[in-house]
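Along the sequence shown, residues carry numbers from 1. Note that the coordinates shown come from a computational prediction; the quantities given were computed from them, not determined experimentally.
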Amino acid sequence: MEGYYTGILDVYYALITTAETATTKPVYGDPKVMGKTIEVTITPNYKEGSVYASNVATRNEKRVDSYTVSVNVDKLAYEVRQELLGRQVDANGVQIINGSQKAPDVAVGFAITLDDDSKELWWLYKGTFAEPTSTAHTASDSITYQHPTIEGKFVRRECDNALAAVCDTVAVSDKLPAAITTWFTAVYEAAAEDSGK
């Protein structure tokens with residue numbers, strides 16, 4: 001029986017170092033930790049279409065087209081912000097935010113923990129992040145910690161139409177133990193079909 005979501009572990013990101021083409025997959029850099037995660041929200045976005053004939057719906061389709069991912073972390077390191085958001089750095093090491101900066105394409109991965117000690121592992125293959133939302137409150141007689149939230153949009157890859165890879169560690173533990181233990185060492189790619197089947 002599947003467990004219930006109880007938590008979230010660190011979020012990783014991997015820069016796309018060589019862009020995909022229509023026939024080749026992108027090349028990813030080594031995954032890095034974005035930060036210690038407080039909350040991740042994954043919202044699917046759909047494209048829909050309906051056909052009406054003879055006063056009834058004769059066809060209705062709804063397909064996942066992209067994901068919006070909102071990540072709330074304890075803090076985003078200065079270097080992580082520069083790399084994830086495409087900020088320019090001047091000769092003094094100051095990050096310059098301007099209207100022409102372009103965030104690089106990245107993959108993002110994370111592990112959701114369940115109450116049966118299993119995990120749901122994710123890699124979203126291609127997306128970009130926008131400047132984070134930060135809130136700061138005045139100091140008072142109690143300590144209130146504030147944390148940044150960064151949001152990204154993840155789309156289908158052109159080369160294979162793939163959006164994400166999702167792994168239930170209980171369901172695949174016997175078949176893919178290596179895939180589970182190495183999930184965050186590289187962006188997971190679909191295994192080739194077994195020609196013997």
- Query: Taking the six-membered ring for Trp, is the centroid-to-centroid distance between Tyr12 and Phe184 below 6.0 Å?
  - Reply: yes
- Message: Against Phe154, only a single residue in Asp105, Thr68, Val108, Ile42 fulfils side chain to side chain contact (heavy atoms under 4.5 Å, CB included); can you say which?
- Response: Val108
- Query: About how many Å separate CG of Asn98 and CZ of Arg87, when rounded to the nearest 0.5 Å?
  - Reply: 11.0 Å
- Item | Taking every non-hydrogen atom, the tightest pair across Leu163 and Ser66 | CD2-CA, 3.9 Å
- Message: Please say yes or no: joined through hydrophobic side-chain contacts below 4.5 Å, possibly via intermediate residues, are Tyr67 and Ile112 part of one cluster?
- Response: yes
- Message: Using the rule ring-ring contact (aromatic ring centres under 6.0 Å, His included), only one of Tyr188, Trp122, Phe110 pairs with Trp183; which is it?
- Response: Tyr188
- Item | Minimum heavy-atom distance Gln82-Val89, with the two atoms named | CG-CG2, 3.4 Å
- Query: Out of Arg157, Lys126, Lys25, Arg156, which residue meets the salt bridge (Lys or Arg N to Asp or Glu O under 4.0 Å) rule with Glu20?
  - Reply: Lys126
- Note on the structure: Of all heavy-atom pairs linking Thr185 and Thr182, the shortest is OG1-O, 2.8 Å
- Message: Measuring only between side-chain heavy atoms, which start at C-beta, is Val73 closer than 4.5 Å to Pro148?
- Response: yes
- Task: Would you give the length of the straight line joining atom OG1 of Thr128 to atom CG of Leu85, rounded to the nearest 0.5 angstrom?
- Result: 9.5 Å
- Message: side-chain hydrogen bond (donor to acceptor under 3.5 Å, both in side chains), that's the test. Do Asp115 and Thr6 meet it? Break it down for me.
- Response: CA-CA 6 Å; Asp115 64 355; Thr6 58; over 6 Å; no
- When rounded to the nearest 0.5 angstrom, what is the spacing between OG1 in Thr37 and CG in Asp10? 5.5 Å
- Query: In Å, rounded to the nearest 0.5 Å, how long is the span from CE of Met34 to CD1 of Ile150?
  - Reply: 6.0 Å
- Side-chain (Thr17) to main-chain (Val27) donor-acceptor, under 3.5 angstrom: yes
- Query: Within a radius of less than 6.0 Å around CD of Gln88, do more than 12 heavy atoms belonging to other residues, nucleotides or ligands occur?
  - Reply: no
- Message: Does Asp30 have more than 12 heavy atoms from other residues, nucleotides or ligands lying within 6.0 Å of its CG?
- Response: no
- Item | Interatomic spacing from CD in Glu151 to OG1 in Thr41 - rounded to 0.5 Å | 9.0 Å
- Atom of Val106, atom of Leu15 and distance for their closest heavy-atom approach: CG1-CD2, 3.4 Å
- Would Glu131 and Gln101 satisfy side-chain hydrogen bond (donor to acceptor under 3.5 Å, both in side chains), going step by step from the backbone distance to the final call? CA-CA 11 Å; Glu131 287 287 334; Gln101 76 186 35; 2.9 Å; yes
- Query: Checking Asp65 side chain against Tyr46 main chain: does a donor-acceptor pair fall under 3.5 Å?
  - Reply: no
- Hey, mind stepping through Thr149 and Ser70 against side-chain contact (heavy atoms from CB on, under 4.5 Å) and telling me if it holds? CA-CA 7 Å; Thr149 297; Ser70 179; 3.3 Å; yes
- Task: Specify the closest pair of heavy atoms between Cys167 and Ile180, including all atoms of both residues, with the distance to one decimal.
- Result: SG-CG1, 4.3 Å
- Please lay out, stage by stage, how Ser118 and Thr169 fare under the test side-chain contact (heavy atoms from CB on, under 4.5 Å). CA-CA 6 Å; Ser118 67; Thr169 59; 3.4 Å; yes
- Query: Do side-chain atoms of Asn92 reach the backbone of Val94 as a donor and acceptor pair under 3.5 angstrom?
  - Reply: no
- Task: Identify whether the distance between the nearest side-chain nitrogen and carboxylate oxygen of Glu83 and Arg81 falls below 4.0 Å.
- Result: no
- Query: Are Tyr28 and Tyr13 close enough that their ring centers fall under 6.0 Å?
  - Reply: no
- Is there a chain of hydrophobic side chains (I, L, V, M, F, W, Y, each step under 4.5 Å between heavy atoms) that links Val155 to Val69? no
- Message: Any heavy-atom pair between the side chains of Lys119 and Leu9 that's under 4.5 Å?
- Response: yes
- Note on the structure: For Pro26 and Ile16 the tightest heavy-atom approach is CB-CG2, 3.7 Å
- Item | Test item: Glu158 and Thr21 side chains (from C-beta on) under 4.5 Å apart, heavy atoms | no
- Hey, any chance Trp123 and Leu114 share a hydrophobic cluster, counting ILVMFWY side chains that come within less than 4.5 Å of each other, even indirectly? no
- Do you reckon Val11 sits in the same ILVMFWY cluster as Tyr5, going by side-chain contacts under 4.5 Å, direct or chained? yes
- Over 12 foreign heavy atoms within 6.0 Å of CG, Asp90: yes
- Point-to-point distance, once rounded to the nearest 0.5 Å, from NE2 of His147 to CG of Asp74: 7.0 Å
